[in-house]
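See structure below.
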Amino acid sequence: DKNVKVFWVSINSPAQATDEQLKNISSTVPILRDNNQAAFKRLSGKVAQLPTIVVLDTQGNPAGQPRGGINTGSDFINDLASVIDGLLQR
């Protein structure tokens, strides 16, 4: 067990996506709400894109750069793994 936690954060209001609808997205990943997009705006980087992946350290500070949007030409998995592996080695 590496003590890694994954969360899905929805920026949709309850009117746009009900709690029940969000629960249907995943039964294994907890889904949090960011209705006013405060966390999204603070953590998404210079160009806010969806989806955005942010890696946080154990103190809640961003590690590496946020990954926004979908870039099929990037080495996404290895890039993300490198950041996570670096945090786990601390």
Side-chain angles (χ1 to χ4, degrees):
D1 181 10
K2 298 282 187 176
N3 198 23
V4 173
K5 295 182 175 116
V6 176
F7 296 94
W8 175 293
V9 180
S10 172
I11 63 169
N12 297 100
S13 71
Q16 295 168 316
T18 65
D19 288 344
E20 193 60 37
Q21 289 171 316
L22 293 180
K23 286 178 190 173
N24 289 331
I25 292 172
S26 174
S27 61
T28 57
V29 177
I31 300 175
L32 309 174
R33 282 198 185 268
D34 184 22
N35 296 347
N36 61 8
Q37 300 182 16
F40 176 68
K41 290 173 184 170
R42 192 181 73 144
L43 297 171
S44 63
K46 295 176 185 165
V47 179
Q49 296 178 314
L50 293 174
T52 295
I53 295 179
V54 178
V55 177
L56 304 175
D57 65 16
T58 55
Q59 287 77 39
N61 299 311
Q65 295 298 313
R67 287 131 188 95
I70 298 173
N71 180 352
T72 57
S74 73
D75 193 6
F76 173 76
I77 297 296
N78 288 325
D79 177 46
L80 192 58
S82 174
V83 172
I84 294 170
D85 288 344
L87 288 173
L88 291 173
Q89 291 175 6
R90 289 185 182 177

Non-hydrogen side-chain atoms of Leu50 and Phe40 separated by less than 4.5 Å: yes
Qualifying residues under salt bridge (Lys or Arg N to Asp or Glu O under 4.0 Å), relative to Asp34, sequence neighbours excluded: none
Side-chain touch Pro14/Asn35, heavy atoms, less than 4.5 angstrom: yes
Asp19: salt bridge (Lys or Arg N to Asp or Glu O under 4.0 Å) partners, not counting sequence neighbours: Arg33
Co-members of Leu56 in a cluster of I, L, V, M, F, W and Y side chains, linked at under 4.5 Å: Leu43, Val54
pair Pro66-Ile53: side-chain heavy atoms closer than 4.5 Å: no
Test item: Gln21 side-chain N/O and Thr18 main-chain N/O as donor-acceptor pair under 3.5 Å: yes
Hydrophobic cluster partners of Ile25 (side-chain heavy atoms under 4.5 Å): Val6, Trp8, Leu22, Val29, Ile31
Side chain to side chain donor-acceptor pair (under 3.5 Å) partners of residues 55-69, not counting sequence neighbours, each pair once: Arg67-Asp79
Gap between atom OG of Ser82 and atom CD1 of Ile77 - 0.5 Å precision: 12.5 Å
Which residues share a salt bridge (Lys or Arg N to Asp or Glu O under 4.0 Å) with Arg42, sequence neighbours left out: none
hydrophobic_cluster_shared for Phe7 and Val83, side chain cutoff 4.5 Å: no
Spacing of Asn36 atom CG and Lys41 atom NZ [to the nearest 0.5 Å]: 7.0 Å
